[in-house]
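The structure appears below as structure tokens.
Letters A, B, ... are given to chains in the order of the sequence lines, protein chains preceding strands, and every chain is numbered from 1. Keep in mind the model is a prediction, meaning the values are calculated, not measured.
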2 protein chains.
Amino acid sequence: MTDSAELPAPHNHSLCINTALTLAAQLCTERGVQLTAIRQQVLELIWANHHAVKAYDLLERIKPLQSAAKPATIYRALDFLREQGFIHRVESLNAFVGCNDLKSAHEQLLLICKQCENVEERHADSVMQALTQEFVLAGFTAHHQAIEIHGICATCTQSNHIPQLV
Amino acid sequence: MTDSAELPAPHNHSLCINTALTLAAQLCTERGVQLTAIRQQVLELIWANHHAVKAYDLLERIKPLQSAAKPATIYRALDFLREQGFIHRVESLNAFVGCNDLKSAHEQLLLICKQCENVEERHADSVMQALTQEFVLAGFTAHHQAIEIHGICATCTQSNHIPQLV
DNA sequence: ATTGAGATGTTATATTGTAACGAATATCAC
DNA sequence: GTGATATTCGTTACAATATAACATCTCAAT
């Protein structure tokens, strides 16, 4: 049996990773910033699945590649990747997840499944519009927002309804 | 000059605190749970202003009252207060703020001012409705949500426009 | 070759949060 | 009231997350 709990949808994940890495490399070139080996490896590790990854897990995983890696190694790479908009920090998990919309500067919604732990990013324009109205009402100028919803994703809900073999 | 940056609106803050504490005490009685001295003191310290307070700051502030206080003392009180819905955790700040809507079970929006550090809680029904629609679209069952917006509040925006005496 | 900016190595430490277990206290049935 | 039970608290130890500070390296532009 494959790991269907983690990558439930028919999903070519290496395509997923490749797209993200290729685009990141391209954007770095355009912006004149360096996607160094460490930064690229961290980005690749984050994209290993659609979970939110913890900094110290990344540290363990990068050590075979970068034996000198220390916490600062990881946090610096994470800072860079965040500045470039390649990843998001999931505030409610102290963890990090790849951004799958590098082109547009959308602020987004993160749907975090408690069961499979996948994090789905959605643009949710209607939510953002309602938020903007709310800011106007409150006289608030928004700079940055974190919208994180914990629950059960569609795939897990479905698979939970499939009769179990007991 | 008074501390107008922290409590900018004409605002009877002791009323604010008293209301919160009285209501919390009442709800605890109704629910058959204990609002012990420690828990009440922590709640009171959180309500000292409208900032998000860090756990270790609370620890320092409660020591004059509870000389035996240790991290676990604070975190247990915080757990209790959260379970009862008396406070919110601000995920993006690792900090805690009083809930000013104890009666209704609204999930809410936190508007966090970078300048005065006040946290304003808003119900934002339109945002929640848009969110609910988004969940339906995504087939997602939401259990808990954190919506945290960082920016500049109305009061600070106004006072920033007042010509400075230089 | 020099230099200057950015990236990394390295050590140390700060901050945030939990686990585990025994002692004290409150609550409830009798 | 007394004893049984559950809850709360004290205490120690530690885990997990994150940053500061400074030295060194790399590499491109001059």
Candidates D:dA18, D:dG10, C:dT10 - which lies nearest the side chain of B:Ala68: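 Of D:dA18, D:dG10, C:dT10, D:dG10 is nearest to the side chain of B:Ala68.
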
Residue B:Lys70, side-chain heavy atoms: nucleotide from D:dT12, D:dG10, C:dG17 that is nearest: D:dT12

Under 4.0 Å, heavy atoms only, any strand: does A:Arg39 hit a base, just the sugar-phosphate, or nothing? sugar-phosphate

Counting any heavy atom closer than 4.0 Å, what does B:Ala69 reach on the DNA or RNA strands: base, sugar-phosphate only, or nothing?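 Result for B:Ala69 = nothing.
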
Send over the distance from [X] [atom1] to [N] [atom2], rounded to a whole Å.
X: B:Arg89; N: C:dT16; atom1: CZ; atom2: C1'; answer: 8 Å
X: B:Asn94; N: D:dA16; atom1: CG; atom2: P; answer: 16 Å
X: B:Arg82; N: C:dG17; atom1: CZ; atom2: P; answer: 9 Å
X: B:Leu93; N: D:dT17; atom1: CG; atom2: P; answer: 18 Å
X: B:Leu58; N: C:dT15; atom1: CG; atom2: P; answer: 15 Å
X: B:Lys63; N: D:dG10; atom1: NZ; atom2: C1'; answer: 14 Å
X: B:Gln66; N: D:dT11; atom1: CD; atom2: C1'; answer: 15 Å
X: B:Glu60; N: C:dT15; atom1: CD; atom2: C1'; answer: 13 Å

Check whether any side-chain heavy atom of [X] lies under 4.5 Å from a side-chain heavy atom of [Y], and answer yes or no.
X: A:Cys99; Y: A:Phe86; answer: no
X: A:His150; Y: B:Gln145; answer: no
X: A:Ile112; Y: A:Glu148; answer: yes

Tell me whether the side-chain N/O atoms of A:Arg76 come closer than 4.0 Å to OP1 or OP2 in C:dT10. no

OP1 or OP2 of C:dT16 versus the side-chain N and O atoms of B:Lys54: is any pair under 4.0 Å? yes

Shortest non-hydrogen contact between A:Ala142 and A:Phe135, atoms and distance: CB-CE1, 3.4 Å

Heavy-atom closest pair (B:His50 atom, B:Val97 atom, distance to 0.1 Å) is O-CG2, 4.1 Å

Taking the six-membered ring for Trp, does B:Tyr56 stack with C:dT16 (centroid gap under 5.5 Å, planes within less than 30°)? yes

Closest nucleotide of DNA chain C for B:Ala55 versus for B:Gln34: which of these residues is on the 5' side?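 With B:Ala55 and B:Gln34 compared, the 5'-side residue is B:Ala55.
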
Find which nucleotide of DNA chain D each of B:Ile38 and A:Tyr75 is nearest to by heavy atoms, and output the residue with the more 5' nucleotide. B:Ile38

